[in-house]
Every structure is written in C-alpha cells, then in structure tokens.
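Throughout, residue positions are numbered sequentially from 1 according to the sequence presented. Just so you know, ligand 1 is whichever comes first in the structure, and atom 1 is the first atom listed for that ligand.
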Amino acid sequence: MHQALRLRLDTAALISNWRWLQQAAGVTAGAAVKADGYGLGARDVARLLGEAGCRDFFVSSWAEAEALGPLPRGAALSVLHGVGPGDLEAALVNSARPILSTPTQVARWKEAAPGRPCDVMVDTGMNRLGVRADELHLLGGLQIETLMSHLACADEDSAMNNVQRDRFAAVAAAVDAKRYSLANSAGTCLGREFAFDLVRPGLALYGGVPREEAEGHIAQVAFPEAEVLQRRTIKAGESCGYGATWRAANDIEAAIVNIGYADGYLRCFAGRGAASVGDKALPLIGRVSMDLVALDASAAPELAEGEWVTMDYALPEAAEASGLAQYELLTGLSQRFERIWV
Ligand SMILES: *Cc1c(COP(=O)(O)O)cnc(C)c1O
C-alpha cells in the first residue's frame with residue numbers, strides 16, 4: 001500500500017559511521033539496535049551492518065531479540081535487560097545472551113542454564129543497571145562472554161568518566177570474561193583508554209553527534225520526507241493553523257504537508273523547524289498539527305501538490321531547534337513512515 005510519508009535512510013552513511021566509530025575506538029565496534037534500531041528498523045540495520053562486518057548486536061528485551069529474526073552469519077546478540085522471571089522460556093530457546101545485571105538474575109541463570117554463556121553488566125557509578133562492585137563474588141561459576149559497564153557522563157567532559165574507567169579496569173582485573181566493554185557512542189569518542197575490547201555505539205551509527213570529536217565524521221542517516229497535500233496563498237493579515245498563532249505579514253505562498261506530532265514531529269518544532277526542496281528553505285508557519293504542518297513556500301513557487309519536501313532533521317541542529325534529545329528525535333518517528341534504504 002502507498003504510504004504517504006517516507007523515511008529515506010542512507011546506507012552508505014550508516015556504514016561509514018560504523019567504520020569511523022570502530023577506527024576511533026581502535027577495537028571492534030558492535031551496534032545497539034534496541035528500540036527497533038533507534039526507530040530506523042532493527043532488521044535492516046543489523047543486516048546492513050552485518051554485511052559491513054559488524055558482529056555484536058544489542059537489544060533491550062527478548063521480544064526485540066525475537067523480532068530481529070536471523071542474525072548475520074557469525075554474529076552474536078545480547079539482551080540488555082537480562083533475564084527476568086517471565087523471560088526464561090524465551091531466553092532458553094533464543095541464541096542471544098542475557099546481560100545479567102542483578103544477583104537474582106545471576107542466580108536464575110546459573111540454575112536455569114548452567115554453563116551456558118552470558119554477559120554481565122557491572123555498575124561503576126551510574127546506579128542504573130548492574131551488579132555492584134561488592135557483589136562480584138556472586139559471578140563465580142558463570143561463563144562470561146562480555147563483561148560490561150556503562151558511562152553516565154560520556155557526552156560531557158566530566159571527572160566521572162575517568163573514575164568509571166578506573167573502576168571498570170579494576171573490575172576487569174578481578175572478574176574473568178572473554179571480553180570487556182565500557183563505551184557507548186560518546187564513550188567511543190573518548191578514545192582508546194575507554195575502548196577495552198569492544199565498543200557499543202548506538203546513536204552515532206544513526207547520525208547522532210554525541211561529542212565534538214565526532215563532528216564532521218558522523219553523517220546524517222535518516223531523512224523524513226513529507227508530501228505536499230495543498231498549495232495555498234495566505235493573504236496579508238490572515239492566520240494559519242490552530243490557535244491562529246501565526247499571521248501573514250504579506251501575501252505568502254504556503255504548502256501544507258502530511259507530517260505532524262503523531263509522526264514524532266513534535267509541537268516544539270513550531271516557529272523553529274523547516275523543510276527544504278533542493279536548496280530552497282521552507283520555514284514552518286503556525287503550530288504543528290497531529291498529521292499536518294504548514295510551510296512558507298515562497299522560496300519554491302514551482303512546488304506543486306503531490307511533490308515531496310525533506311524535513312530539516314540533521315540531529316544536532318534539530319535537537320538544538322526543538323529542545324529534544326537526538327535520541328528522542330530518532331526513536332519517536334512513527335510507523336507511518338515507509339522506511340526506505342537507499
Ligand atoms: C543504549 C546503550 C548503548 C548505546 O548507547 P548510545 O549512547 O546510543 O551510543 C550502549 N550500551 C548500553 C548498555 C546501552 O543501554
């Protein structure tokens with residue numbers, strides 16, 4: 001069926017972002033594909049990165065593990081939320097590894113799947129998920145494939161980064177595992193001392209720029225495209241949209257397009273967002289509706305009903321304009337977009 005909204009996805013940008021992250025880390029880079037590949041489509045992301053050589057993938061839940069389907073050849077999948085009381089059935093029939101993060105999960109896995117490989121999350125200061133440093137003795141008897149921790153402040157120049165790295169190095173010296181992993185996208189930009197054996201970027205694969213070291217190296221991957229439903233002239237003094245918050249100073253040409261807050265294009269873009277067609281800029285006018293926004297199309301007099309515009313969605317700039325996080329900009333994109341890899 002014709003889907004009237006498109007998310008154009010740049011395969012070459014995805015691959016080159018992954019390669020840059022791997023090079024910046026100096027070690028193997030995996031890929032966080034949770035939340036359906038940050039909204040872009042986890043299956044396609046895993047397939048494309050698998051073809052490029054990526055072998056380590058991360059999802060949140062067993063439902064996401066199942067939805068991912070067959071992995072690229074030789075690849076491994078890890079489940080970030082570990083194995084809860086309702087997860088054992090799924091976990092035992094899936095080849096993915098749980099990332100155990102509590103003493104209860106550790107005990108559950110030892111009993112249900114003795115000797116079967118797992119990953120472990122250790123807390124080094126974030127106090128989100130992870131076994132505490134004084135609980136490491138409970139890990140004896142596990143076959144740990146990847147032992148990991150997670151940085152709380154890697155997107156900032158915080159003293160916490162070195163504290164967590166040193167704590168993690170101490171954990172790595174104390175607990176036996178095949179590999180050790182600490183860094184997300186931002187942590188990967190911190191360089192070799194944070195990389196250990198494996199980095200786990202998510203955001204930067206998809207065009208997010210977590211730190212300035214990545215600027216100029218990370219390319220935009222996701223381009224929302226909307227269709228012009230109506231062209232109209234708005235006369236001087238007339239308003240446009242809900243609340244009549246915007247009024248035309250002179251006669252202007254407007255284009256009404258089929259994207260709105262139900263698509264994840266949120267109301268905070270009002271007065272700040274824009275679209276483009278070729279090199280012409282089309283600023284938003286009025287409020288964002290559920291399924292529509294209006295654009296000032298004065299710069300593109302030839303733009304006709306049925307033609308397409310590209311919303312401005314370079315993540316650092318769109319985050320600045322909207323006040324949303326780069327993560328939110330991606331994960332909020334609705335299922336109404338047809339996701340098209342080019
Ligand atoms: C989501 C996640 C990542 C990836 O983080 P980004 O900031 O998107 O690079 C890495 N590790 C863990 C534990 C995560 O939950």
Less than 4.0 angstrom from a charged side-chain N to a carboxylate O is my criterion; do [X] and [Y] meet it?
X: Glu225; Y: Arg8; value: yes
X: Arg211; Y: Asp157; value: yes
X: Asp291; Y: Arg336; value: yes

> Applying the side-chain contact (heavy atoms from CB on, under 4.5 Å) test to Leu205, which of Ile15, Val45, Leu49 qualifies?
Replying inline: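 For Leu205, the side-chain contact (heavy atoms from CB on, under 4.5 Å) test succeeds with only one of Ile15, Val45, Leu49, which is Leu49.
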Would you tabulate the side-chain donor-acceptor contacts of residues 25-43 under 3.5 Å, counting partners in other chains and residues two or more places apart, or write 'none'?
| from | atom 1 | to | atom 2 | distance (Å) |
| --- | --- | --- | --- | --- |
| Asp36 | OD1 | Ala42 | N | 2.8 |
| Arg43 | NE | Ala67 | O | 2.8 |
| Arg43 | NH2 | Ala67 | O | 3.3 |

> Considering only heavy atoms, which protein residues lie less than 4.0 Å from any atom of ligand 1?
Replying inline: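 Within the 4.0 Å shell of ligand 1, which is judged on heavy atoms, sit Ala32, Lys34, Tyr38, Leu80, Met121, Arg128, His150, Asn184, Ser185, Arg200, Pro201, Gly202, Leu203, Tyr327.
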> Shared ILVMFWY cluster between Leu292 and Leu7, side chains joined below 4.5 angstrom?
Replying inline: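 As far as the 4.5 Å side-chain criterion goes, Leu7 and Leu292 are not connected within one cluster.
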